Amino acid sequence: MVTPLPTEFYLQDTREAAKKLLGQLLVRTLPTGETLSGVIVETEAYLRDDPACHAYKGQTPRNAMMFGPPGQAYVYFTYGLHMMLNLVCAPTGTAEAVLIRALEPVDGIDAMRLNRGGILETKQLTNGPGKLTQALALTRLGHNGLSITDPASELRVMPHEIPPFETVETTRIGISRGAELPWRYYVRGNGCVSRK
DNA sequence: TGTGCGATCCACT
DNA sequence: GTGGATCGCACAC
């Protein structure tokens, strides 16, 4: 029986966790019992004292989940349209997280295509943070605060092996403050990465 | 109580 | 390559 990555994984340095999450398997179980999954191929780290971090200015009802224990999902809504999936890292109260930006679909590709509402190439299903939450049917009300370490959880990160790959470190996307910090990581050459 | 803007995506040029 | 959609939150008044 394979178990999810343990809570301890999320207690290491958040940038290290962001790097090591590349190649791991994000698994989503639907209420129907159907399983959707994808390999994590792109992440970004958001740290305390990081001006781009939602928690930079202190705790609010919106970002409260980031201040909670590590190993749970922080799902939030932005641009009036999109959901973002983050994994909370560092000890309770620290408020650091890893943004999951892209997946390579593995299981449940037909269901993902339905959730995305169109005939799309497989790599188009989850090659962006707003797209992958839609493909996996993640919502703020339903999944914010969900454990990702509990084997019975609807959403969890499973240890996974993929062929050796090169990790690219670069600057983060879509932010104005702290934009110069090289805390975005992706699998070089993977077609599902959101943007070069 | 009002206003500005954001860790984006997609259609259209 | 560019701009519109669209809404919750933070902060100013």
Side-chain angles (χ1 to χ4, degrees), chain A residues 10 13-19 21-22 26 38 40-68 70 72-90 94-105 109 112-146 148 155 157 167-187 190-196:
Chain A
Y10 303 96
D13 181 280
T14 299
R15 284 160 295 185
E16 279 300 306
K19 278 190 248 187
L21 278 167
L22 295 177
L26 183 69
I40 297 170
V41 296
E42 183 177 355
T43 60
E44 287 180 4
Y46 285 86
L47 275 61
R48 189 172 183 77
D49 300 326
D50 167 7
C53 179
H54 279 180
Y56 180 63
K57 293 179 181 175
Q59 185 169 350
T60 66
R62 182 199 195 198
N63 66 26
M65 213 54 69
M66 287 187 73
F67 290 81
Q72 60 183 15
Y74 167 45
V75 180
Y76 75 93
F77 183 83
T78 194
Y79 289 102
L81 196 57
H82 298 290
M83 311 302 305
M84 300 283 160
L85 171 64
N86 299 253
L87 308 183
V88 177
C89 291
T94 310
E96 300 191 346
V98 174
L99 171 68
I100 306 298
R101 287 192 54 89
L103 302 176
E104 179 178 337
I109 291 173
M112 291 189 202
R113 196 168 277 125
L114 278 177
N115 289 335
R116 297 273 287 117
I119 300 167
L120 295 167
E121 285 186 57
T122 299
K123 69 178 182 183
Q124 299 284 335
L125 294 173
T126 53
N127 63 337
K131 298 178 187 179
L132 72 91
T133 52
Q134 186 181 17
L136 298 182
L138 297 173
T139 62
R140 186 176 66 84
L141 288 179
H143 305 98
N144 193 27
L146 202 66
I148 52 172
L155 185 70
V157 180
T167 299
V168 180
E169 295 189 20
T170 182
T171 51
R172 294 173 294 183
I173 290 178
I175 56 176
S176 47
R177 295 175 301 259
E180 73 287 356
L181 297 168
W183 293 344
R184 172 174 175 241
Y185 309 98
Y186 65 88
V187 176
N190 189 286
C192 296
V193 169
S194 63
R195 175 172 129 190
K196 295 172 187 171

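Remember, predicted model here, so these are calculated numbers, not experimental data. Convention: sequence-line order gives letters A, B, ...; per-chain numbering from 1.
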Whole angstrom is fine here: how far is it from [atom1] in [X] over to [atom2] in [N]?
X         : N       : atom1 : atom2 : answer
Gln124(A) : dA11(B) : CD    : C1'   : 14 Å
Leu85(A)  : dC9(B)  : CG    : C1'   : 17 Å
Met83(A)  : dA5(C)  : CE    : C1'   : 17 Å
Leu125(A) : dT8(B)  : CG    : C1'   : 17 Å
Leu81(A)  : dA7(B)  : CG    : C1'   : 14 Å
Tyr76(A)  : dC7(C)  : OH    : P     : 17 Å
Leu132(A) : dT8(B)  : CG    : C1'   : 12 Å
Tyr186(A) : dA7(B)  : OH    : C1'   : 17 Å

Indicate yes or no: at least one non-hydrogen side-chain atom of [X] is less than 4.5 angstrom from one of [Y].
X         : Y         : result
Val75(A)  : Thr133(A) : no
Met66(A)  : Asn86(A)  : no
Ile40(A)  : Leu103(A) : yes
Tyr185(A) : Arg15(A)  : yes
Arg184(A) : Thr171(A) : no

So, taking the atom named [atom1] in [X] and the one named [atom2] in [Y], what distance separates them when rounded to the nearest 0.5 Å?
X         : Y         : atom1 : atom2 : answer
His82(A)  : Gln134(A) : NE2   : CD    : 8.5 Å
Leu99(A)  : Thr43(A)  : CG    : OG1   : 8.5 Å
Ile109(A) : Leu125(A) : CD1   : CG    : 7.0 Å

Task: Carboxylate-amine/guanidinium contact Arg172(A) Asp50(A), below 4.0 Å - done: yes
- [ ] Taking only heavy atoms on the protein side, list every residue of residues 173-182 of chain A lying under 4.0 Å from any atom of DNA chain B, sorted numerically.
- [x]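 Residues of residues 173-182 of chain A under 4.0 Å from DNA chain B: Ile173(A), Gly174(A), Ile175(A).
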TODO: Could I get the full list of side-chain contact (heavy atoms from CB on, under 4.5 Å) partners for Glu16(A), not counting sequence neighbours?
DONE: Gln12(A), Asp13(A), Lys19(A), Lys20(A)
Hey, is the main chain of [Y] close enough, under 3.5 Å, to the side chain of [X] for a donor-acceptor pair?
X         : Y         : result
Asn115(A) : Ala135(A) : yes
Thr14(A)  : Ala45(A)  : no
Glu44(A)  : Arg101(A) : no

Task: Pairwise P distance for dG2(B) and dT6(C), with rounding to whole Å - done: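 Nearest-Å result for dG2(B) against dT6(C) at atom P: 22 Å.
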Open item on the list: For DNA chain C, please output the secondary structure as dot-bracket, reading 5' to 3'. Pairs are Watson-Crick or G-U wobble, both atom distances under 3.5 Å; mark crossing pairs with [ ], other-strand partners with |, unpaired with a dot.
Closed with: |||||.||||||.
TODO: Could you please name the option among dT8(B), dG8(C), dA7(B) that lies closest to any side-chain atom of Phe77(A)?
DONE: dG8(C)
TODO: Tell me which residues in residues 48-65 of chain A put a heavy atom below 4.0 Å from DNA chain C, sorted by number, or none.
DONE: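 Contacts with DNA chain C under 4.0 Å: Lys57(A), Thr60(A), Arg62(A).
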Open item on the list: Below 4.0 angstrom, which residues in residues 134-141 of chain A have at least one non-hydrogen atom near DNA chain C?
Closed with: none
Open item on the list: Is the base of dA5(C) stacked against the aromatic ring of Tyr79(A), taking ring centres under 5.5 Å apart and planes under 30° as the test?
Closed with: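 A stacking contact does not exist, since Tyr79(A) is not both close and nearly parallel to the base ring of dA5(C).
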Task: Contacts of type ring pair (Phe, Tyr, Trp, His ring centres under 6.0 Å), residue Tyr76(A), not counting sequence neighbours - done: His54(A), Tyr74(A)
